[in-house]
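Only a predicted model underlies this, so the values are computations on that prediction, with no experimental measurement involved. The first residue of the sequence shown is numbered 1, and numbering continues consecutively from there.
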Amino acid sequence: MPTTATTGQPPVTTLTPQEREMLHAVGRGLRDAEIAAALALPEDAVAGRLARVLGKLGLRDRAAAIVHAFDCGLVAPSHGPGTQAAGPVPQPVRRTREPHWRISVLGPLQAWRDGRPVDLGHLRQQAVLATLVLSPDRTVSRQKLLDAVWGLEPPMTNVVPVYIYRLRGILRSRDGADAVIRSDRCGYRLAPGAVEVDVACMEELVTAAGRAERAGELAEAVRLCAQALDLFRGEPLSGLPGPFTELERLRLTERRIALVQRKLDWQLRLGRHAEVVAELWALAAAQPLNEAIAAMLMRALYHGSRQADALAVFDRTRRRLADELGVPPGQMLRQTHQMILRGHDAGLGLARTRP
């Protein structure tokens, strides 16, 4: 789901009480019929009143209004309708009814309409859709789609319009109008707000986790980061062909590893050493040359009264770095090693490894 930054927008104090009620209802994710019932309005009057609110606040669409309602504290996440913000960390905006299309790329490409999976066709056609999904708010030309999906071996005929036609037939809107994929003389794009994409939801959660960390709420940051990681369902874009999806697959895989490191670092700073050891062992096995992961594993083992195992991790990592890269351990890993040798608990507790 796209979000729109609201920094610099006029405050909600510029709204009348009725308009504030409208923004509050929109921020809670209510549909027009529900808003009309809650505010005792004719349903056909809701769109006009919402348009006036958007105009006063300088917002472009309903999604931006939802974000603005959370950012200004008019709607408090997880505290029920009608409450004010109860903490410094707003949750990401999650709509449960709109849009009715969901697409996932954090695993094999999948799409659901109103919660029911749909068949997206063969792999090249799916790769075309993946390119549009991962190019949000941008128009992608036919030539760029050809380059993204076929690379240096383009098809004999221009099949892109055929695939777009088929995808439009699959991704129909509720009213049957062709609203999910739009086209113009420059190319194709997904209609804004028509599809909820798991990558966008993940980034919302990560942003909220960062806000939680800055507010000193590390436990909340861990919870939100874990939710973001739960959206991964395996290798991103698994099996899809083309240079674009190959690069995106690598980027999203690296993104996941960085998020795992970030979450584990927060857990260590909370003193949850025992609960992260198993996950750190698995991550260190998958990333044997990653010194930040090795240092976190050493800290967790040391605080679990496993000093010998922590020193063994250092020796193994040092040998791998020398054998495969021809380099010695970096400063962070050496410092962690020295602190363990000296029993420097305070230094180990305060060390902050960043992915």
For this session: Start with the C-alpha gap between Leu268 and Met296, add the side-chain angles, then the distance that decides, and say whether side-chain contact (heavy atoms from CB on, under 4.5 Å) holds.
Result: CA-CA 8 Å; Leu268 287 175; Met296 283 194 287; 3.7 Å; yes
Exercise. If you measure only the distance, is there a donor-acceptor pair under 3.5 Å linking the side chains of Ser104 and Arg233?
Worked result: yes
Exercise. Under 3.5 Å, is there a donor-acceptor pair between the Arg182 and Thr139 side chains?
Worked result: no
Exercise. Just by modelled atom types, is the Ala127 backbone N or O under 3.5 Å from a matching donor or acceptor in the Thr131 side chain?
Worked result: yes
For this session: Kindly determine whether Arg124 and Tyr163 satisfy side-chain contact (heavy atoms from CB on, under 4.5 Å), including the steps that lead there.
Result: CA-CA 9 Å; Arg124 294 282 185 187; Tyr163 289 167; 3.9 Å; yes
Exercise. Out of curiosity, Glu217 CD to Arg211 CZ, how far, rounded to the nearest 0.5 Å?
Worked result: 13.0 Å
Seminar exercise, completed: Correct closest heavy-atom pair for Ala209 and Ala221 would be O-CB, 3.5 Å
Problem set entry | Close side-chain approach of Arg299 to Ile340, heavy-atom, < 4.5 Å | no
Problem set entry | Side-chain donor/acceptor of Arg334 to backbone N/O of Pro329, under 3.5 Å | yes
Problem set entry | For Phe314, ring pair (Phe, Tyr, Trp, His ring centres under 6.0 Å) partners two or more places apart | His337
Problem set entry | side-chain contact (heavy atoms from CB on, under 4.5 Å) assessment of Leu264 paired with Leu283 | CA-CA 10 Å; Leu264 292 171; Leu283 195 58; 4.0 Å; yes
Exercise. Can Glu213 and Trp266 be counted as having a side-chain donor-acceptor contact under 3.5 angstrom?
Worked result: yes
Exercise. According to the salt bridge (charged side-chain N to carboxylate O under 4.0 Å, His left out) rule, which pairs have a member within residues 300-316, sequence neighbours left out?
Worked result: Arg306-Asp309, Asp315-Arg318
Exercise. His303 vs His273 aromatic rings, parallel, tilted or perpendicular, using cut-offs 30° and 60°?
Worked result: parallel
For this session: Say whether, by atom type as modelled, one donor and one acceptor occur between the side chain of Asp184 and the main chain of Gly187 under 3.5 angstrom.
Result: yes
For this session: Heavy atoms only: give me the nearest Ala228-Val206 pair and the separation to one decimal.
Result: CB-CG2, 4.0 Å
Exercise. Same cluster or not: are Val118 and Val195 linked, directly or through other Ile, Leu, Val, Met, Phe, Trp or Tyr residues, by side-chain heavy atoms under 4.5 angstrom apart?
Worked result: yes
Exercise. What distance do Leu289 atom CG and Thr317 atom OG1 have between them, rounded to the nearest 0.5 Å?
Worked result: 8.5 Å
Exercise. Taking only residues two or more places apart in sequence, or in another chain, which ones meet Glu279 in a salt bridge (charged side-chain N to carboxylate O under 4.0 Å, His left out)?
Worked result: Lys263
Exercise. So does Gln331 have more than 12 non-hydrogen atoms from other groups sitting under 6.0 Å from CD?
Worked result: no
Exercise. Side chains of Asp137 and Leu190: does their closest heavy-atom pair fall under 4.5 Å?
Worked result: no
In residues 247-254, what donor-acceptor pairs under 3.5 Å come from side-chain atoms, sequence neighbours left out?
from   : atom 1 : to     : atom 2 : distance (Å)
Glu248 : OE1    : Arg251 : NE     : 3.2
Glu248 : OE1    : Arg251 : NH2    : 2.7
Glu248 : OE2    : Arg251 : NE     : 3.3
Arg249 : NE     : Pro236 : O      : 3.3
Arg249 : NE     : Leu237 : O      : 3.4
Arg249 : NH2    : Leu237 : O      : 2.9
Arg249 : NH2    : Leu240 : O      : 2.8
Thr253 : OG1    : Arg249 : O      : 2.8

For this session: Name all residues meeting the salt bridge (charged side-chain N to carboxylate O under 4.0 Å, His left out) criterion together with Arg256; count only those two or more places apart in sequence or in a different chain, and write none if there are none.
Result: none
Exercise. Do Arg49 and Glu19 meet the salt-bridge criterion of a basic N to acidic O distance under 4.0 Å?
Worked result: no
For this session: Report yes if the side chains of Leu167 and Val180 come closer than 4.5 Å at any heavy-atom pair, otherwise no.
Result: no
Exercise. Below 4.5 Å, heavy atoms only, C-beta onward: do Thr245 and Leu109 meet side chain to side chain?
Worked result: no
For this session: Work out which heavy atom in Gly121 is nearest to a heavy atom in Asp119; give both atom names and the distance.
Result: N-OD1, 3.0 Å
Problem set entry | For Glu291, all residues meeting salt bridge (charged side-chain N to carboxylate O under 4.0 Å, His left out), sequence neighbours excluded | none
Exercise. At what distance, to the nearest 0.5 angstrom, does CD1 of Ile164 lie from CD1 of Ile181?
Worked result: 5.0 Å
Problem set entry | CD1 on Ile170 to CD on Gln126, rounded to 0.5 Å | 9.0 Å
Exercise. Can you find a side-chain donor-acceptor pair between Asp265 and Gln261 that sits under 3.5 Å?
Worked result: no
Problem set entry | Beyond-backbone contact of Val149 with Phe244, side-chain heavy atoms, under 4.5 angstrom | no
Problem set entry | Separation between OG1 of Thr16 and CZ of Arg52, rounded to the nearest 0.5 Å | 8.5 Å
Exercise. What's the shortest heavy-atom distance between Leu231 and Asp198, and which atoms?
Worked result: CD1-O, 3.7 Å
For this session: For residues Ile257 and Gln287, determine if any side-chain heavy atom of one lies less than 4.5 Å from a side-chain heavy atom of the other.
Result: yes
Exercise. Taking all atoms of both residues into account, what is the closest heavy-atom pair of Leu333 and Ala294, and its distance?
Worked result: CD1-CB, 4.0 Å
For this session: Return yes if some donor-acceptor pair links the side-chain N/O of Gln125 with the main-chain N/O of Leu120 below 3.5 Å, else return no.
Result: yes
Problem set entry | Shortest non-hydrogen contact between Ala148 and Pro243, atoms and distance | O-CD, 3.1 Å
Problem set entry | Hphob cluster co-occupancy, Leu341 + Tyr302, side-chain heavy atoms under 4.5 angstrom | yes
Exercise. Distance from Leu270 atom CG to Leu218 atom CG, nearest 0.5 Å?
Worked result: 5.0 Å
Exercise. Just wondering, do Glu220 and Arg223 contact through their side chains at under 4.5 Å, heavy atoms?
Worked result: yes
For this session: In sequence, state the C-alpha distance, the side-chain angles, and the governing distance for Phe232 and Met202, and then conclude on side-chain contact (heavy atoms from CB on, under 4.5 Å).
Result: CA-CA 9 Å; Phe232 285 86; Met202 176 195 71; 3.4 Å; yes
For this session: Would you check if the side chain of Ser135 reaches a backbone N or O of Arg138 as a donor-acceptor pair within less than 3.5 Å?
Result: no
